[in-house]
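Encoded as structure tokens, the structure appears first; notes follow it.
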There are 2 protein chains.
Amino acid sequence: MILEQLKALGNDTRMQMMEWLKDPLNNFPPQDHDDPAIGVCVTHLQHKAGLSPSTASAHLAILQRAGFVLTTRIGKWTYYRRNEQLIADFATKLRIEL
Amino acid sequence: MILEQLKALGNDTRMQMMEWLKDPLNNFPPQDHDDPAIGVCVTHLQHKAGLSPSTASAHLAILQRAGFVLTTRIGKWTYYRRNEQLIADFATKLRIEL
DNA sequence: ATGATGTTACGCTTTTTTACGAAATGATCA
DNA sequence: TGATCATTTCGTAAAAAAGCGTAACATCAT
């Protein structure tokens with residue numbers, strides 16, 4: 001489990017996505033909503049990363065399986081946001097188990 | 001830098017090595033010295049992991065470049081041990097930067 | 001119904017990682 | 001000085017990861 005999480009983060013593209021999601025307002029174009037707590041839609045992440053839809057979706061699925069991001073569906077869009085709780089837990093777990 | 005460290009740990013074999021090095025006395029056969037603080041020679045790690053010498057050496061080099069292990073050369077042997085200081089720093093850095 | 005937004009699954013190519021054996025290197029000991 | 005043992009480097013092959021485009025599917029909006 002911890003290995004899966006380390007692999008999920010051990011990738012340039014996915015780490016960048018995690019970084020960008022720290023500050024949606026400054027890293028992405030305006031969206032239908034103004035609430036950074038809801039997250040960023042896939043299209044914005046895809047364009048910023050310069051990837052095809054399928055590749056972007058695959059990266060996000062890896063981050064999601066590892067627990068680092070959460071999704072909310074509103075209307076047609078799926079918004080991704082950081083799972084700060086699990087991120088903190090992961091850092092703590094590393095400190096203990098590593 | 002942090003990405004290099006995440007990649008170094010995101011591998012089954014290398015994580016096992018880190019784990020084994022926590023307790024040299026119980027995880028490896030007796031050596032020329034009795035001091036677990038000096039570490040474990042490559043041959044022991046190689047046999048325990050079931051790898052060829054060159055492959056084991058490559059894995060250890062990756063851990064060393066990431067800073068997670070330190071080496072001491074005594075006589076013909078190179079002993080590997082955990083770098084507890086950097087491991088703790090890494091966990092802290094993750095908590096802050098992730 | 002039609003169109004827009006993802007997600008997932010294919011098949012495929014490119015790149016990276018992992019692995020090996022053989023050869024080269026380094027250090028020690030006779 | 002050689003001989004020997006431990007380790008690293010090199011070349012290469014196999015496996016895994018990353019990437020693309022396309023197509024099929026689901027959901028929601030118009």
Side-chain angles (χ1 to χ4, degrees), chain A residues 3-21 24 28-33 35 38-81, chain B residues 1 3-18 20-21 24 28-33 38-66 68-81:
Chain A
L3 189 67
E4 181 195 359
Q5 293 178 313
L6 286 164
K7 286 186 183 181
L9 293 181
N11 173 277
D12 204 3
T13 298
R14 290 191 291 269
M15 276 294 273
Q16 282 193 342
M17 286 179 167
M18 291 299 293
E19 198 63 29
W20 293 334
L21 288 175
F28 299 96
Q31 305 184 118
D32 286 10
H33 63 79
D35 189 353
I38 292 178
V40 177
C41 80
V42 178
T43 311
H44 288 168
L45 284 156
Q46 178 218 321
H47 286 143
K48 180 124 181 167
L51 296 173
S52 70
S54 57
T55 302
S57 197
H59 280 303
L60 288 166
I62 289 171
L63 287 175
Q64 191 177 23
R65 273 196 296 276
F68 292 122
V69 294
L70 299 171
T71 64
T72 304
R73 174 121 197 187
I74 300 180
K76 308 191 260 196
W77 297 279
T78 304
Y79 296 98
Y80 280 81
R81 66 185 185 280
Chain B
M1 190 60 201
L3 188 67
E4 181 195 0
Q5 293 178 313
L6 286 165
K7 286 186 183 181
L9 294 181
N11 173 277
D12 203 4
T13 299
R14 291 191 291 270
M15 275 294 273
Q16 282 192 343
M17 287 178 167
M18 292 299 293
W20 293 335
L21 288 175
F28 299 97
Q31 304 184 118
D32 285 10
H33 63 77
I38 291 177
V40 177
C41 80
V42 178
T43 311
H44 288 168
L45 285 155
Q46 177 219 321
H47 286 143
K48 181 124 181 166
L51 297 172
S52 71
S54 56
T55 302
S57 195
H59 280 303
L60 288 166
I62 289 170
L63 287 175
Q64 191 178 22
R65 273 197 298 275
F68 292 122
V69 294
L70 298 170
T71 64
T72 305
R73 177 118 196 188
I74 300 180
K76 308 191 261 198
W77 297 279
T78 304
Y79 297 98
Y80 281 81
R81 67 184 184 282

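Chain identifiers are assigned alphabetically (A, B, ...) following the order of the sequence lines, protein sequences preceding nucleic acid strands; residue numbering begins at 1 within each chain. Source: prediction; values computed, not measured. When reading the values below, keep in mind they use all heavy atoms of this one structure, side chains included, and skip hydrogens, waters and symmetry mates.
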Of B:Arg14 and A:Trp77, whose closest DNA chain C nucleotide lies nearer the 5' terminus? A:Trp77
If you look at every strand shown and take non-hydrogen atoms under 4.0 Å, does B:Tyr79 touch a base, only sugar-phosphate, or nothing? nothing
Straight-line distance of A:Met15 CE to A:Leu9 CG, nearest 0.5 Å: 6.0 Å
From CG (A:Leu21) to CE (A:Met17), nearest 0.5 Å: 8.5 Å
Would you please confirm or rule out a distance under 4.0 Å between OP1 or OP2 of C:dT18 and any side-chain N or O of B:Asn11? yes
Quick one: are A:Asn11 and A:His59 in side-chain contact, heavy atoms under 4.5 Å? yes
Do any of residues 38-55 of chain A sit with a heavy atom less than 4.0 Å from DNA chain C, and if so which? A:Cys41, A:Val42, A:Thr43, A:Ser54
With DNA chain D as reference, determine whether A:Ile74 or A:Lys7 sits nearer its 5' end, using the nearest nucleotide of each. A:Lys7
Nearest-0.5 Å distance, CD of residue A:Gln5 to CD1 of residue A:Ile62: 13.5 Å
Heavy atoms within less than 4.0 Å of DNA chain C: which residues of residues 56-64 of chain B have one? Give them sorted by number. B:His59
Side-chain donor-acceptor distances from residues 39-46 of chain A under 3.5 Å, at least two apart:
from    : atom 1 : to      : atom 2 : distance (Å)
A:His44 : ND1    : A:Gln31 : OE1    : 3.3
A:Gln46 : NE2    : A:Leu51 : O      : 3.1

Say you draw a straight line from CZ of A:Arg65 to CG of A:Leu60; how long is it, rounded to the nearest 0.5 Å? 11.0 Å
How long is the straight-line distance from CG of B:Leu63 back to OG1 of B:Thr71, given to the nearest 0.5 Å? 12.0 Å
For A:Arg73, answer base if it contacts any base atom (sugar-phosphate contacts may also be present), sugar-phosphate if it contacts only those atoms, and nothing otherwise; contact means non-hydrogen atoms under 4.0 Å. base
Is the distance from OP1 or OP2 of C:dT7 to the nearest side-chain N or O of A:Tyr80 less than 4.0 Å? yes
Rounded distance (Å) that lies between atom P of D:dA17 and atom CG of B:Leu6: 16 Å
Could you state the interatomic distance from OH (A:Tyr79) to CD1 (A:Ile74), rounded to the nearest 0.5 Å? 5.5 Å
Out of C:dA4, C:dG6, C:dA19, which nucleotide sits closest to the side chain of A:Lys76? C:dA4
Would you call A:Arg81 and A:Ile38 a side-chain contact if the rule is heavy atoms closer than 4.5 Å? no
